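Below is one structure, written out as structure tokens; comments come after it.
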2 protein chains.
Amino acid sequence: MLHFASLESPAPVWTLSPIEDAAVKTLRAHDPLTFEGDKADRLFEVLEGVIRVYKVFQDGRRQIMSFAFPGDIIGFAHEDTYSFDCDALVFSRVRAISKASLLRTVRERPELGEKMLAAASRQITAAQNLSIVLCRKSALERVASFLCTLAGRHQFLACSGTVSLPMTRADIADYLGLTIETVSRNITKLRGLGVISLPKTGYVQIENIQRLQSLADCEVDLH
Amino acid sequence: MLHFASLESPAPVWTLSPIEDAAVKTLRAHDPLTFEGDKADRLFEVLEGVIRVYKVFQDGRRQIMSFAFPGDIIGFAHEDTYSFDCDALVFSRVRAISKASLLRTVRERPELGEKMLAAASRQITAAQNLSIVLCRKSALERVASFLCTLAGRHQFLACSGTVSLPMTRADIADYLGLTIETVSRNITKLRGLGVISLPKTGYVQIENIQRLQSLADCEVDLH
DNA sequence: CGTATAATTGAGATTAGTCAATAACTGTGG
DNA sequence: CCACAGTTATTGACTAATCTCAATTATACG
């Protein structure tokens, strides 16, 4: 089964909870979390919902770097200022934790540093996997991989086989490096193959997960 | 100017040198450094040369994740076993450092942990940038970006404007998500535009770096 | 010097993108 | 509850880019 960017981690291996000044922030759908250029003094741990992390270029093109789900950490990839925008796709809760306080805590508890490094490792692997997907896969394989990965995050299985799809076709396209039309055509193709169905908007019913995986995998079997 | 995967870091911000059991390993061209599936108990800091980090799929397709140059660290993205193969393109020296000993040292010197985290951050950014390049750029833009980044690593400037190109067209193709033919055609195109010339095999002469950058950039201006 | 490998170039096929029209869904107000 | 407007999704026809297959040339190495 193929894993996607920050959809990767099945569960948080570390939590920022013991850190005293961690503040939980509540976001409604479409609320921004950070703006590009903001001072990047905090990391965010997603507790609930889905956060969209993206970059908009001068010509209007947009690249979605990741959809961050509960357990994912946002902000590792930033030094002084955020180089990406983040907003919520649905109602979400994130725990904000200042880097300064995190580093203080790491000095006292070195094992937390190891865990952070492990989390960073997983993000590097995830980002590299995304590169592989973008580099080596056809449009159909990319869409199948995306749906496969969503299905793998079982917290998004509303009920057996039904997967919540809180992002628009434009979001999926900008994540997979395709156009809206190509995403739509390939979803239609998967529907025609009987692999998925669309019971209602915002949801996908996985009819044949083995078939979907074989369409997605194309021999890619990362970790 | 655009940055590429592990070509990213201009200089090592941290060094593993103070760690006692760090061993320097010498590799001739084409010598393997690690095999996929090996126990991933070590990181490698490239001291000299170029290391090719790649993954081969069952159907023979290959994705080069990075060309690691002096100052780059290999092995962050691995947990238990290496998920990629590494070998040397030219004569190279790498410092191998066991993760266990690194973690011991981090416990005594927390600031080293911060530096490692910063290095990991840069790698995440680098991997994400590669995704953007693969996702959003045309073949000509990718080739121009690649040459631009090579030129930016000044340790590879043999003399003014001449850049060593130790990798084959197949390597470049497998890094940029293109075919050998497309890479070759676009190198020819850049030559036709007077932007580069090929004085001898294994080297590129940058004739017009501004022009090369403007062909590469296409509004992407990451950090 | 000859052979094997690497690089270039050409012609045609394939894939995804573009532009355009239509359909479906969302939310608002009557 | 329905009609409307605005957004999102689907579908079609055509275009453009890259890939594939093939031939040729250049380079490296024994």
Side-chain angles (χ1 to χ4, degrees), chain A residues 28-30 52 57 59-64 89-90 133-147 164-193 196-205 215 218, chain B residues 28-30 52 57 59-64 89-90 133-147 164-193 196-205 215 218:
Chain A
R28 285 163 307 169
H30 312 304
R52 174 173 65 175
F57 298 104
D59 63 353
R61 291 188 297 188
R62 186 182 62 154
Q63 172 67 39
I64 292 185
L89 284 181
V90 296
V133 170
L134 297 176
C135 222
R136 295 287 155 214
K137 290 202 173 192
S138 70
L140 183 64
E141 289 169 336
R142 291 185 211 187
V143 173
S145 298
F146 179 73
L147 294 175
S164 164
L165 197 72
M167 59 289 286
T168 65
R169 298 288 184 273
D171 287 330
I172 300 171
D174 287 348
Y175 182 60
L176 296 176
L178 300 170
T179 59
I180 297 174
E181 294 93 328
T182 300
V183 170
S184 183
R185 272 186 252 273
N186 284 285
I187 285 178
T188 301
K189 190 179 282 181
L190 290 173
R191 207 154 38 120
L193 292 168
I196 61 167
S197 60
L198 305 179
K200 55 176 172 167
T201 50
Y203 292 88
V204 184
Q205 171 83 24
L215 287 169
C218 74
Chain B
R28 284 164 308 170
H30 314 303
R52 175 173 64 174
F57 299 104
D59 63 354
R61 291 189 295 188
R62 186 182 62 155
Q63 172 67 39
I64 293 185
L89 284 181
V90 296
V133 169
L134 297 175
C135 222
R136 297 285 157 214
K137 289 202 176 194
S138 70
L140 183 65
E141 288 169 336
R142 292 185 211 186
V143 173
S145 297
F146 179 73
L147 294 175
S164 164
L165 197 72
M167 58 291 285
T168 65
R169 298 289 184 273
D171 287 330
I172 300 172
D174 288 346
Y175 182 60
L176 296 177
L178 300 170
T179 59
I180 296 174
E181 294 93 327
T182 301
V183 170
S184 182
R185 273 185 251 273
N186 284 285
I187 285 178
T188 302
K189 190 179 281 182
L190 289 172
R191 208 153 40 118
L193 292 168
I196 62 167
S197 60
L198 304 179
K200 55 175 171 168
T201 49
Y203 292 89
V204 184
Q205 171 83 24
L215 287 169
C218 74

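Just so we're on the same page: letters track the sequence lines, and every chain starts at 1. Only a predicted model underlies this, so the values are computations on that prediction, with no experimental measurement involved.
- Note on A:T179: every side-chain N or O is 4.0 Å or more away from OP1 and OP2 of C:dA16.
- Shortest non-hydrogen contact noted between A:C135 and B:L176 is SG-C, 4.0 Å.
- The interatomic distance linking A:N186 (CG) with C:dA16 (P) rounds to 7 Å, in whole Å.
- Atom-to-atom, CG of B:D174 to C1' of D:dC19 comes out at 14 Å; the value is rounded to the nearest Å.
- A donor-acceptor pair is defined here as one N or O able to donate and one able to accept, closer than 3.5 Å; no such pair exists between the side chain of A:R136 and the backbone of B:R61.
- Atom OH of B:Y203 is separated from atom P of C:dA7 by 15 Å (rounded to the nearest Å).
- A:T179 is linked by a side-chain contact (heavy atoms from CB on, under 4.5 Å) to A:E181, A:T182, counting only residues two or more places apart in sequence or in another chain.
- Considering every non-hydrogen atom in both A:A139 and A:N186, the closest pair reads CB-ND2, 3.5 Å.
- As a whole-Å value, the separation of A:R169 CZ from C:dC25 C1' is 12 Å.
- For B:S184, a side-chain nitrogen or oxygen approaches OP1 or OP2 of C:dT8 to under 4.0 Å.
- The two residues A:Y175 and A:Q63 come nearest to each other via the heavy atoms O-NE2, 3.7 Å.
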Protein-nucleotides 10-12 of chain C N/O pairs closer than 3.5 Å?
residue : atom : partner : partner atom : Å
C:dG10  : N7   : B:R185  : NH1          : 2.8
C:dG10  : O6   : B:R185  : NH2          : 3.2

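- Judged by distance alone, the side chain of A:R142 and the main-chain N or O of A:K137 form a donor-acceptor pair under 3.5 Å.
- Put simply, A:T182 has no side-chain N or O that comes within less than 4.0 Å of OP1 or OP2 on C:dA16.
- The interatomic distance linking A:L134 (CG) with C:dA16 (P) rounds to 13 Å, in whole Å.
- Computed from coordinates, the B:R136 CZ to C:dG17 P distance equals 9 Å when rounded to whole Å.
- For the pair A:T188 and D:dT10, the criterion of a side-chain N or O lying under 4.0 Å from OP1 or OP2 is not met.
- Here the CG-CG distance, from B:L193 to B:L140, works out to 7.5 Å after rounding to the nearest 0.5 Å.
- Residue A:L198 contributes atom CG, which lies 19 Å from atom P of C:dA23 at whole-angstrom precision.
- Residue A:T201 has a polar side-chain atom (N or O) positioned under 4.0 Å from OP1 or OP2 of C:dT26.
- Nucleic acid contact class of B:G202 (heavy atoms, under 4.0 Å, all strands): none.
- The separation between B:L190 atom CG and C:dT8 atom P is 11 Å, rounded to whole Å.
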